[in-house]
Every structure is written in structure tokens, then in C-alpha cells.
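Every chain is numbered from 1 and lettered A, B, ... according to where its sequence line falls, protein lines coming before strand lines.
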Amino acid sequence: MILDVLYFAWVRERIGLPRERIETKAPTVAALVAELAAREDRYAAAFADLSALRVALDQDLSDFDAPLSGVREVAFFPPMTGG
Amino acid sequence: MILDVLYFAWVRERIGLPRERIETKAPTVAALVAELAAREDRYAAAFADLSALRVALDQDLSDFDAPLSGVREVAFFPPMTGG
Amino acid sequence: MTVRVQEELFDLGAETAGFAARASGAGAVVTFTGLVRDVPGGLSGMEIEHYPGMTEKALTAIRAEAMARWSLADALIIHRYGQLRPGDLIMMVATASRHRADAFAAAEFLMDYLKSRAPFWKNERVGSDSAWVAARDEDEAALSRWQD
Amino acid sequence: MTVRVQEELFDLGAETAGFAARASGAGAVVTFTGLVRDVPGGLSGMEIEHYPGMTEKALTAIRAEAMARWSLADALIIHRYGQLRPGDLIMMVATASRHRADAFAAAEFLMDYLKSRAPFWKNERVGSDSAWVAARDEDEAALSRWQD
């Protein structure tokens, strides 16, 4: 499947780009993270501590063990600081 | 002693005047209330249920058993409805 | 002036914007505004009676208590009296603090005390009838959460 | 519009007065306003990043949840993104209800959810350094009081 993967705040800075299109067979968010972290150091650095990260699937907050089937857009970012 | 006695809201309406000057020897608010209630029916009606009344001495909320010594202004009114 | 008791209308927009501009270092600003609600049968008007002298004193003391209890950059109370109509502004409070919890708590505290401890009495007119607004048990109960 | 995400400044006075005028039948209006606080060392600026598309969706859902939980006549959320300076307005919420408890609770709920569940990230610049504002444990903890 082909996913739009988006990065925000320091995740974006660490990986060095705001979004990319990724072809993957990862069944879950965690599997996608493992796949990305294995790519390059900058990805490994960004995904080193999952407790410091949040994920949204198709613009809804989700969990790292959520399945990716049917998903088109995945976003990774730090805890939000709105308001 | 001579007191300025003020009435507000339905206490004022029931007694029929907003303020009056009263010469009294009443040692406490409760004694003053008894003295007033004994005067005329309109006072008796106004002071019939003390739980529905509040009192301020020199513009500070007080109690019916408070002493009047040194006080110059006594106000009677229903529970407040500000805001 | 941080406490105002007045007959004339106040400008809610200008008061809010001005308060926030003066308190901009604080980060968090909360306002509460009370308006004359219409009633079943149609309210023709509301008169607010107050106790001149005691009112200013009570509001100043309530504001000082809020400033002492919470870490506030500023607090404002404006309350009207006299003849009002449905939809008219009755009063406002504004609080400013570094973090939002203080501003929210202080604004709720000010309102709870204003409702039951500031010498105002509301009289509603519906047609040719008029009636004094009764104090609400909930308002008296709301005060208890601020007791030590 | 009851939910707005925008780069440009909003007019706090006009928004507050307009909201209160539209909600005047409600009786009670609460607003919260967030401003850019200065920091030790002097903040040269703050940039707010957001997630276009998800932001509007999240704010709309948070507002709908507040409208469902409390008896509200109306609720408004305005949140800015982009480059801001110390003292600038960041965002506001406004709530209107018949009695004050609903408007206060709903405004606090909106703020708690905005702080930790709306996709905004703040970056502070002090001199030539910049740093992402860390989420506060208190903000996450504040959410727990709204769980059933």
C-alpha cells in the first residue's frame, strides 16, 4: 500500500522533511515505525522514544498498535501544545 | 444610641421606607429586630422570618446575635442576588 | 479602576480587549459576563437595587481575597445597577494569570461571591407584575467549595 | 463560524462583544484568551505549527463534545498559527449558557482538550536559539477530570 506520511515539529526537523510518500506492507503503525527506523540514523533518532511521540491515522489520534489497513495518511508528532 | 437603619429590596417595600433614624438601647441586632417588630404590623411582617433576612453592620455582613455597641449603620435585606 | 459600580452600560469588547492588553504578560485571561435573560411570559425589564457604599466595599474585598488566594496579574469587576432590559449586560469579571487554572478558579470564586455576598437585589417585571428574584440554593452551596 | 484556525490576528473585543450579543438570551458568557507570555531572557518570537486539515477536524470535534456534555447556547474556538510575538493573542474560546456553571465547565473542558489534543506545536525563539515547548504533565493530568 502507498501511504502519505507526515511529520511535525521536532519530528519533522529530525527527519528533515515535512512529508513523504511511502510504499509499505507494514500491517501496523509499530511495524511502519520499525521499517522507517531501520532506514537511516535520522529516522532511528526521531523514533527512538515512542513514548515521546503521538500518531494520527487519517487525521484522527490513534495508537502505535493500530492496523494500517485502509489508512491513507499517517502523521507522527510530539505531544501537542495548543491553547 | 442613635442608629441609621436601612432597608433594601422587599424589606424596604414591606416597611415602606428606605431608611430611618432610630434611637434605641438594644444591645444586639436581635434585640433591635424585636423592638422594631413590636412597633407596627409592617415591621412584624418584614421581620417575621429571620432566616430570609440578612444584616449588615456598618456595611459589613454580620449576624443577628452581633452586639450593636459602636455601630452607626444597620441594614436589613433579603439574600443577595448579584452577578 | 479594578472595581466599578455603575448605572451606565459598559463596553464589553473594549473592557475585555483593554484588560487583556494590560495583562498580556500573564498569558491567560478569563472573563465572565452576565446578561439579563428573558423569562417565560416575556420580561419587560429588570431593576437592580444596590447598597451604595457597601457595594464598592464588598466588591473591593472580594477582589482582594481573590488576588490573595491565587497568583493573579490582575482582576476586574464591573457591576451595573438601575433599570435594565432583556439582553442587556449586567456585569463582568476578568482575571489574568500565568497559567489558566488560576484565572479560571479566581473568576469562578469572584462570581460565587458576587452572587451571594455583594449587596445587589434583582427585581423582574413581567407585564404589570414585578417580583424580587429569589436567591438560588445552588448559589449558596457554590460558596462552600471555597471554604478552607 | 464557530471554529476558526487562522494566521491573522483576531479582534478579541469584537469577538467577545459579538459572541455575547448573539448569546444574550443565555445569560452567562465565559471567555478564555491565551496570549504569548514573555520568558526569562526575552522571547524574540513564537512560531505555532499546526496540522492543516486535522486541526479544524479536531477543534470541531472538541466543540461538538462540549455542546453535547453541557447545556450550551453556543461555543466558539479561534486559534492562530504562524509567527507571533510576546503579548500577541494566540487563541480564544467562548461559551454561553443559561447558568454560569455550564459555561465555566465547558470553557475549561475546551481549554484542557485544546492544550493536549489539538495538533498545535509551539516553538519559542530566545535570541538565536529556538526550542519546542514541552507538553506539561499538568495539562495531560487536567484531561483526566473529564473522563467518565
Trainee: So what's closer than 4.5 Å to chain C heavy atoms on D:D11: side chain, backbone, both or neither?
Mentor: neither
Trainee: When only pairs under 4.5 Å are counted, which of D:H99, D:M111, D:K115 shares the most heavy-atom pairs with chain C?
Mentor: D:H99
Trainee: Evaluate whether atom CZ of D:R85 has more than 12 neighbouring non-hydrogen atoms of other residues, nucleotides or ligands under 6.0 angstrom away.
Mentor: no
Trainee: Given D:T31, which of C:V29, C:T31, C:V30 fulfils the side chain to side chain contact (heavy atoms under 4.5 Å, CB included) condition?
Mentor: C:T31
Trainee: Between D:A107 and chain C, with a heavy-atom cut-off of 4.5 Å, which part of the residue counts as in contact: side chain, backbone, both or neither?
Mentor: both
Trainee: If I measure from the heavy atoms of chain C, does D:R136 come under 4.5 Å with its side chain, its backbone, both, or neither?
Mentor: side chain
Trainee: Just give me the residue among C:G27, C:A96, C:G25, C:G13 that pairs up with chain D most often, heavy atom to heavy atom, under 4.5 Å.
Mentor: C:G27
Trainee: Considering all heavy atoms of both residues, which atom of D:R98 and which atom of C:R37 are nearest to each other, and what is their separation?
Mentor: O-NH1, 2.7 Å
Trainee: Do the non-hydrogen side-chain atoms of D:R100 and C:D112 ever get within less than 4.5 Å of each other?
Mentor: yes
Trainee: Tell me the closest heavy-atom pair linking D:L12 and C:A20, and the distance in Å.
Mentor: CD2-CB, 3.5 Å
